[in-house]
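The analysis underlying the following values was restricted to heavy atoms, covering all of them including side chains, and did not include hydrogens, waters or symmetry mates. Index from 1, following the sequence.
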Amino acid sequence: MWVVIEFARYIAPNSLTFIMALSYYPSIGEIVLCDYRGFIEPEMIKTRPVVVVSPRLRRRGNLIGVVPLSTTAPKPAEAYHCLIQLDNPLPAPFDNPIMWAKCDMYSVVAMQRLDRFKEAKQRHGGARQWRVGRANTLQIAALKKGILCGLGFDSLTIHL
């Protein structure tokens, strides 16, 4: 259970770490951070980058479909894994330009779990910079195929 501290700011139970939720609905292909704490293994259980794969749905504006990314290559790679090469690597510790989408781990999460990446603070008192990543159109198409394979609907990939 999450406790509301103030608008768009949440604190996880048994934790003093604040999580700042996105204040906008990200577009398909946007790469943001997702805090999976509170899920149960073997589900995702830590904070990791995710690709937004669902549009905003009517009357479901606080839920969003995402696919988690990993910097570790799967062994072996399956049809539900997608190699994503980023033109602009994400900030550390996710700064590897080659990521693997775990399409079998597709999930619908609350917007409050999502945040942008924090850039390093500027040395002379500058404001913190925030950024997001972006998957291109071909990568999004590959993610859709991977999601279908991860759900056991491999035969439907011919329609994409």
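- Contact record, R131 with P89: NH2-O, 2.8 Å, taken as the closest heavy-atom pair.
- With sequence neighbours excluded, no residue forms a ring-ring contact (aromatic ring centres under 6.0 Å, His included) with F117.
- Between the side chain of S70 and the backbone N or O of T72, at least one donor-acceptor pair lies under 3.5 Å.
- The structure places CZ of R134 at 11.5 Å from CG of N88, a figure rounded to the nearest 0.5 Å.
- Between E30 and Y25, the side chains place no donor N or O within less than 3.5 Å of an acceptor N or O (distance only, hydrogens not considered).
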Legend entry - V53 vs Y106, side-chain contact (heavy atoms from CB on, under 4.5 Å): CA-CA, chis, key distance, verdict: CA-CA 9 Å; V53 293; Y106 165 82; 3.5 Å; yes
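- Residues G133 and L90 share a closest heavy-atom pair of CA-CD2, 3.8 Å.
- Of the listed residues (L114, I64, L69), just one forms a side-chain contact (heavy atoms from CB on, under 4.5 Å) with V50, and that residue is L114.
- Remark: the backbone N or O of E78 is paired with a side-chain donor or acceptor of H81 at under 3.5 angstrom.
- Formation of a donor-acceptor pair under 3.5 Å by the Y36 side chain with backbone atoms of R113 is not found in this model.
- The heavy-atom pair separating V51 from G29 by the smallest distance is CG1-CA, 4.0 Å.
- Hydrophobic cluster membership is shared by L33 and L63, with clusters built from Ile, Leu, Val, Met, Phe, Trp and Tyr side chains linked at under 4.5 angstrom.
- Put simply, the side chain of T47 never gets that close to the backbone of D35: no donor and acceptor are under 3.5 Å apart.
- Nearest heavy atom pair, residue T157 against residue D154, reads OG1-O, 2.8 Å.
- Here the options are V67, I28, L160, the test is side-chain contact (heavy atoms from CB on, under 4.5 Å), and the partner is K144; only L160 passes.
- Distance alone, capped at 3.5 Å, is enough to place a donor-acceptor pair between the Q139 side chain and the Q85 backbone.
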Inset, instruction - Let me see the working for C149 and C103 under side-chain contact (heavy atoms from CB on, under 4.5 Å), right down to the final yes or no. - result: CA-CA 8 Å; C149 291; C103 298; over 6 Å; no
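- Between the side chains of R56 and S27, no donor-acceptor pair of N or O atoms lies under 3.5 Å.
- In terms of heavy-atom proximity, R48 sits nearest to K102 at NH1-CE, 4.1 Å.
- Qualifying ring-ring contact (aromatic ring centres under 6.0 Å, His included) partners for F153, counting only residues two or more places apart in sequence or in other chains: none.
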